[in-house]
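For reference, the structure discussed in these notes is given below.
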Amino acid sequence: MKVIKKLEHPELQLALASYYIGKNTVKTLDILHHSLSLYKPNDEININILHSLATLYYQQKDISAAYVWTNVATNHSQNKKTKK
């Protein structure tokens with residue numbers, strides 16, 4: 001049980017998702033969504049999670065979801081620049 005709790009970190013979930021990326025797209029998407037849920041307010045979100053979500057949805061031909069995640073990534077990048 002302690003091993004599972006140690007994996008409950010966004011960066012480790014991203015690494016786990018990268019393992020599944022070519023093996024199981026649904027599981028990869030679930031892991032990426034879960035990784036976002038682990039962030040606390042004001043944490044710096046790893047943009048690679050957002051890009052991966054957009055890419056995977058695009059590859060699955062879910063264009064509307066890909067569009068949403070692309071916009072989330074773009075807005076995240078723009079907000080990050082304005083905070084500096």
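It should be emphasised that the depicted structure is a prediction, and the values quoted were computed from it without experimental measurement.
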Closest non-hydrogen atom pair between T28 and L56, with its separation
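Looking at all heavy atoms of both residues, the closest pair is CG2-CD1, 3.5 Å.
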
How far apart are the closest heavy atoms of A66 and A54, and which atoms are they?
CB-O, 3.5 Å

Verify same cluster id: I47, V68 (apolar side-chain graph, 4.5 Å)
yes

Would you indicate whether the side-chain heavy atoms of [Y] and [X] approach each other to under 4.5 Å?
X	Y	answer
T74	L50	no
T55	W69	no
L53	H33	yes
T25	Q59	no

Distance only, no hydrogens: is a donor on one side chain within 3.5 Å (strictly under) of an acceptor on the other, for D62 and S64?
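Yes, because at least one side-chain N or O of D62 sits under 3.5 Å from a partner of the opposite role on S64.
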
Using a 3.5 Å distance criterion without hydrogens, assess whether the side chain of D43 forms a donor-acceptor pair with backbone atoms of I45.
no

Is a donor on one side and an acceptor on the other found under 3.5 Å between the side chain of Y20 and the backbone of V26?
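A pair under 3.5 Å: no.
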
Rounded to the nearest 0.5 Å, the CG atom of N24 sits from the CG atom of D30 at a distance of 8.5 Å

Tell me, yes or no, whether the heavy-atom count around K61 atom NZ, taken from other residues, nucleotides or ligands under 6.0 Å, exceeds 12.
no

Can you confirm whether more than 12 heavy atoms, excluding those of Y67, are under 6.0 Å from its OH atom?
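For Y67, atom OH is not crowded (no more than 12 foreign heavy atoms under 6.0 Å).
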
